[in-house]
> 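This is the structure I have questions about; it appears just below.
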Number of protein chains: 2
Amino acid sequence: MKADALRGHLDAMLLAVLEGEPLHGYAIIEALALRSGGELDLPTGTVYPALRRLEAAGYLDSSWSEAAGRKRRTYRLSRAGRKVLAEKRQEWKAFSTVVDGVLRPG
Amino acid sequence: MKADALRGHLDAMLLAVLEGEPLHGYAIIEALALRSGGELDLPTGTVYPALRRLEAAGYLDSSWSEAAGRKRRTYRLSRAGRKVLAEKRQEWKAFSTVVDGVLRPG
DNA sequence: GCTCCACAAGTAGAGAGGCTACGTATAGCG
DNA sequence: CGCTATACGTAGCCTCTCTACTTGTGGAGC
């Protein structure tokens, strides 16, 4: 699957995987691969800048920690992020309904 | 609806509205608005370049005609376009399944 | 000891494609 | 005579994702 098609929907997916629990960047990539049945294998050059963008927008908070000698930046959903996630779920639903309707043969 | 989310899926929708009958650019925009229940109101600056791109790729053929004193460029789906449309329908299905799966709460 | 891979974070620069804002032109209505 | 709908088009911007790269630790295999 061309991950480029994500354009505009990646933010929603990042917020969604952080809904249940805080995760660090690398774990987010793995969580997305897991949830998508292996379809999504996002490059770090896509995910890390996106996370920073979402933090700058106030939808995520982050903090550094250390585990097994490795530094991790763990992200968690902010209150604003939770709200935006709900909106983006709605938007996705509306969007996919529209595309389904247009693409349906006949 | 933010039409920017279309990114990467516009081509499929353009090919889809041309599946049943050839249409000219302006009519394509109207057809998309109709099929989407008014959700899609694409600017000409989005649609016209996209149509030319699809023609350059060999997925559409075009010809000029004149109706009511106005010149129209009518586009029709080529054999290659029909094939690509079928592929893009599959891609969309796979894509929306993945996003649904990731966005689903829990 | 050395190499390679998994883990972990990041940046720089390129490319694609949709958007805004224009420009051009005809027909018809008030 | 101006406004709106019809009809086509381009230029330049902007955003986001991608490729390719850098930096560093820990553990497994040889």
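Every chain is numbered from 1, with letters handed out A, B, ... down the list of sequences.
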> Any idea which of C/dA9, D/dG9, C/dG18 is nearest the B/Thr44 side chain?
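Of C/dA9, D/dG9, C/dG18, D/dG9 is nearest to the side chain of B/Thr44.
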
> CE of B/Met13 versus P of C/dG18: gap in Å, rounded?
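Checked: the CE to P distance equals 9 Å.
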
> Atom OH of A/Tyr26 and atom C1' of D/dG24: how far apart are they, to the nearest Å?
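It is 14 Å, rounded to the nearest whole Å.
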
> Output the rounded distance in Å from CG (B/Leu23) to C1' (D/dC8).
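Whole-Å distance recorded here is 16 Å.
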
> Could you state the CG-P distance from B/Asp11 to C/dG18, rounded to the nearest angstrom?
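Distance, rounded to whole Å: 6 Å.
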
> Please pick, from D/dA5, D/dT15, C/dG10, the nucleotide with the shortest atom-to-atom distance to any side-chain atom of B/Arg7.
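Closest nucleotide among those given: D/dT15.
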
> Of B/Thr46 and A/Glu30, whose closest DNA chain C nucleotide lies nearer the 5' terminus?
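Residue closer to the 5' terminus by nearest nucleotide: A/Glu30.
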
> A/Arg73 side chain: which of D/dG9, D/dA7, C/dG10 is closest?
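Of the options given, the side chain of A/Arg73 lies nearest C/dG10.
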
> Quick one: which of D/dT10, D/dA5, C/dG10 gets closest to the side chain of B/Pro49?
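Closest of the options to the side chain of B/Pro49: D/dT10.
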
> Can you name the nearest heavy-atom pair linking B/Arg35 to A/Arg104, along with the distance?
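Smallest interatomic distance, heavy atoms only, reads NH1-O, 3.6 Å.
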
> Just how far, in rounded Å, is P of D/dC16 from CG of B/Leu6?
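It works out to 15 Å between those atoms.
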
> Go through the steps for A/Leu32 and A/Asp41 under the test side-chain contact (heavy atoms from CB on, under 4.5 Å), then give the verdict.
CA-CA 8 Å; A/Leu32 285 170; A/Asp41 184 20; over 6 Å; no

> Would you mind reading off the distance between B/Leu42 atom CG and D/dC8 atom C1', rounded to a whole angstrom?
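Nearest whole value for this atom pair: 16 Å.
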
> Enter the distance from B/Tyr75:OH to B/His24:NE2 here, rounded to the nearest 0.5 Å.
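The NE2 atom of B/His24 is 11.5 Å from OH of B/Tyr75, to the nearest 0.5 Å.
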
> Select one nucleotide: of C/dA9, C/dT11, D/dG9, the one nearest the side-chain heavy atoms of A/Arg52.
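Given the options C/dA9, C/dT11, D/dG9, the side chain of A/Arg52 is closest to C/dT11.
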
> Which of these nucleotides, D/dA5, D/dT25, C/dT20, is closest to any side-chain atom of B/Arg70?
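In terms of side-chain proximity for B/Arg70, the closest of D/dA5, D/dT25, C/dT20 is D/dA5.
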
> Which nucleotide wins on minimum distance to the side chain of A/Trp64, given the candidates C/dA9, D/dA5, D/dT19?
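Taking heavy atoms from C-beta onward, the closest nucleotide is C/dA9.
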
> Return the nearest nucleotide to the side chain of B/Tyr48; candidates are C/dT11, D/dA7, C/dA9.
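Within the option list, the nearest is D/dA7.
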
> Given atom CD1 of B/Ile29 and atom P of C/dG18, what is their separation to the nearest angstrom?
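Value for this atom pair: 13 Å.
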
> Is a side-chain donor-acceptor pair under 3.5 Å present for B/Ser65 with B/Arg72?
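B/Ser65 and B/Arg72 do not have a side-chain donor-acceptor pair below 3.5 Å.
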
> Round to a whole Å and report the spacing from CD of A/Glu66 to P of C/dC7.
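Those two atoms, CD and P, are 18 Å apart.
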
> Give me the atom names and distance for the closest heavy-atom approach of A/Leu15 to A/Gly81.
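Heavy atoms of A/Leu15 and A/Gly81 come nearest at CD1-O, 4.1 Å.
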
> Looking across every strand, which nucleic acid part, if any, lies under 4.0 Å from A/Gly69 by heavy atom: base, sugar-phosphate, or nothing?
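If one applies the 4.0 Å heavy-atom cut-off, A/Gly69 turns out to touch the sugar-phosphate alone, with no base involved.
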
> Kindly point out which of D/dT17, C/dA9, C/dG18 is positioned nearest to the side chain of B/Arg53?
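Of all the options, the side chain of B/Arg53 is nearest to C/dG18.
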
